[in-house]
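Here is the structure we will look at.
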There are 2 protein chains.
Amino acid sequence: MLRLTKKADYGLMALKYLAEQADSGAQSAKDVAEAYHIPPQLLAKILQTLAKAGLLVSHAGTNGGYALARPAQDISAFEVIRAIDGPLFITSCITIHGTCDLHGTCTIKEPLRKVNDSIKELLSGIHVSDLIEPAEASPAAALAGGLVSIAL
Amino acid sequence: MLRLTKKADYGLMALKYLAEQADSGAQSAKDVAEAYHIPPQLLAKILQTLAKAGLLVSHAGTNGGYALARPAQDISAFEVIRAIDGPLFITSCITIHGTCDLHGTCTIKEPLRKVNDSIKELLSGIHVSDLIEPAEASPAAALAGGLVSIAL
DNA sequence: TTAATATCCGACTGCATTAGTCTTGCTTCC
DNA sequence: GGAAGCAAGACTAATGCAGTCGGATATTAA
């Protein structure tokens, strides 16, 4: 249930890598792909998508590559996922047009929309900077990422 | 992103229907399917799954059908979704065995597992009874469903 | 100017999952 | 016994995802 696509996974991993290597200048798609054993051509397309979404800046040519467009703590996981997987929703009901294809008989829509929004907020509270240092509990992240409270 | 399957949607809708009609005894799969314009045979299989999971009780024969195994407020959305869609996870990384197929190079896993757990808690706080009366904000649900607080 | 490096972009294929159908058998009630 | 209903598995069609291929364009270094 609720699976994220592999592309989104790859995208988050790449952003984390770029955040860590921010001092070393731009990194090529190939470098990132090799670091994580991701198919290079696939990652290239993902990075292109992220660049088009304004999360990365790209620079062609020799010694070119990708770099974060903003500081790592200003890029949320939600933005990354939405850029890659598109603005899909938790229910099959709720389409992009906001219409329910079940002839209005679907009364499930409204409660689940709130769940949807809650997850959205949850992901918005997580930033690329929080992904670094995976092993420990990172008290900084607890402060920055914050406490997400959700009322139904 | 994060789409629920149509089957899970159908399942939740069916449970809501059964909760509303709890006084009228068992309802046949066909009745529920007609009420929501769902393919009858598909819904039948979904209801069978829910019955096997212990969320519904089935009664064969004439005037048979399905009924809730427990009160509506004791059945959480999480149980329904897990019964239908299986124990899948937000990341493609985390498999049922808890292993990451990316050679341990995936450092994204741990932070996303927390998100996964948070969503799980969020869905566990929603019950079938909360799905009834969709239009209003249902203060009862806010009390019962509660406030979910998540620290990263 | 040329060659190397790298992004950019669309089309294509194979695969897995999902949605839905069909058929057959079993159970209960009248 | 027959009708109504559940139970269950095999099957097909459609969709979306993962990954590949080929080529075009931009930038830099020599």
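Below, chains carry the letters A, B, ... as their sequence lines are ordered, and counting in each starts from 1.
Between A:Gln27 and A:Leu18 there is a side-chain heavy-atom pair separated by less than 4.5 Å. The closest side-chain heavy-atom distance from A:Lys30 to A:Glu34 is below 4.5 Å. Within the 4.5 Å cutoff, no side-chain heavy atoms of A:Ile38 are placed close to those of A:Val32. Counting heavy atoms from C-beta outward, A:Met13 and A:Tyr17 have side chains that stay 4.5 Å or more apart. Residues A:Val128 and A:Gln73 have side chains not in contact (no heavy-atom distance under 4.5 Å, counting atoms from C-beta outward).
Picking from C:dA19, D:dA18, D:dA7 the nucleotide with the shortest atom distance to the side chain of A:Leu42 gives D:dA18. Distances were taken from every side-chain heavy atom of B:Arg3 (C-beta onward) to each of D:dC21, D:dA7, D:dC17; the shortest belongs to D:dC17. Comparing atom distances between the A:Gln48 side chain and each of C:dT18, C:dC9, D:dC6 picks out C:dC9 as nearest.
Rounding to whole angstrom units, NZ of residue A:Lys52 and C1' of C:dT7 are separated by 12 Å. We find that CG of B:Leu47 is positioned 9 Å from P of D:dA7, with the value rounded to whole Å. Computed from coordinates, the A:Lys6 NZ to D:dT20 P distance equals 11 Å when rounded to whole Å. Spacing between atom CD1 of A:Ile84 and atom P of D:dA18 amounts to 10 Å, rounded to whole angstrom units. The CD1 atom of B:Ile46 sits 14 Å away from the P atom of D:dA7 (whole-angstrom rounding). When rounded to the nearest whole Å, the span between CG of B:Leu43 and P of C:dC22 equals 17 Å. A:Asp9 places its CG atom 13 Å from the P atom of D:dC17, with the value rounded to the nearest Å. The NZ-C1' distance, from B:Lys7 to D:dT15, rounds to 14 Å in whole Å.
Across A:Leu43 and A:Ala14, no two heavy atoms sit closer than the pair CD1-CB, 4.1 Å. Contact record, B:Leu50 with B:Ala83: CD2-CB, 4.1 Å, taken as the closest heavy-atom pair. Counting all heavy atoms, side chain and backbone alike, B:Ala69 lies closest to B:Val57 at CB-CG1, 3.9 Å.
A side-chain donor-acceptor contact under 3.5 Å links A:Glu79 to the backbone of A:Ser76. In terms of modelled atom types and a separation under 3.5 Å, the side chain of B:Arg82 and the main chain of B:Gly86 share no donor-acceptor contact. Between the side chain of B:Asp130 and the backbone N or O of B:His127, at least one donor-acceptor pair lies under 3.5 Å.
The stretch residues 22-32 of chain A has no heavy atom under 4.0 Å from DNA chain D, so no residue of it qualifies as close.
Residue A:Ser58 places at least one side-chain N or O closer than 4.0 Å to OP1 or OP2 of C:dC8. Here B:Tyr10 does not reach the OP1 or OP2 of C:dT18: none of its side-chain N or O atoms lies under 4.0 Å away.
One finds the CG atom of A:Leu122 at 10.5 Å from the CD atom of B:Glu121 (value rounded to the nearest 0.5 Å).
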N/O contacts under 3.5 Å, protein versus nucleotides 24-30 of chain D?
unit_1: D:dT28; atom_1: OP1; unit_2: A:His59; atom_2: NE2; d: 3.3
unit_1: D:dT28; atom_1: O2; unit_2: A:Thr62; atom_2: OG1; d: 3.4

Where do N or O atoms of nucleotides 10-13 of chain D meet protein N or O atoms at under 3.5 Å, pair by pair?
unit_1: D:dA10; atom_1: N6; unit_2: B:Lys45; atom_2: NZ; d: 3.1

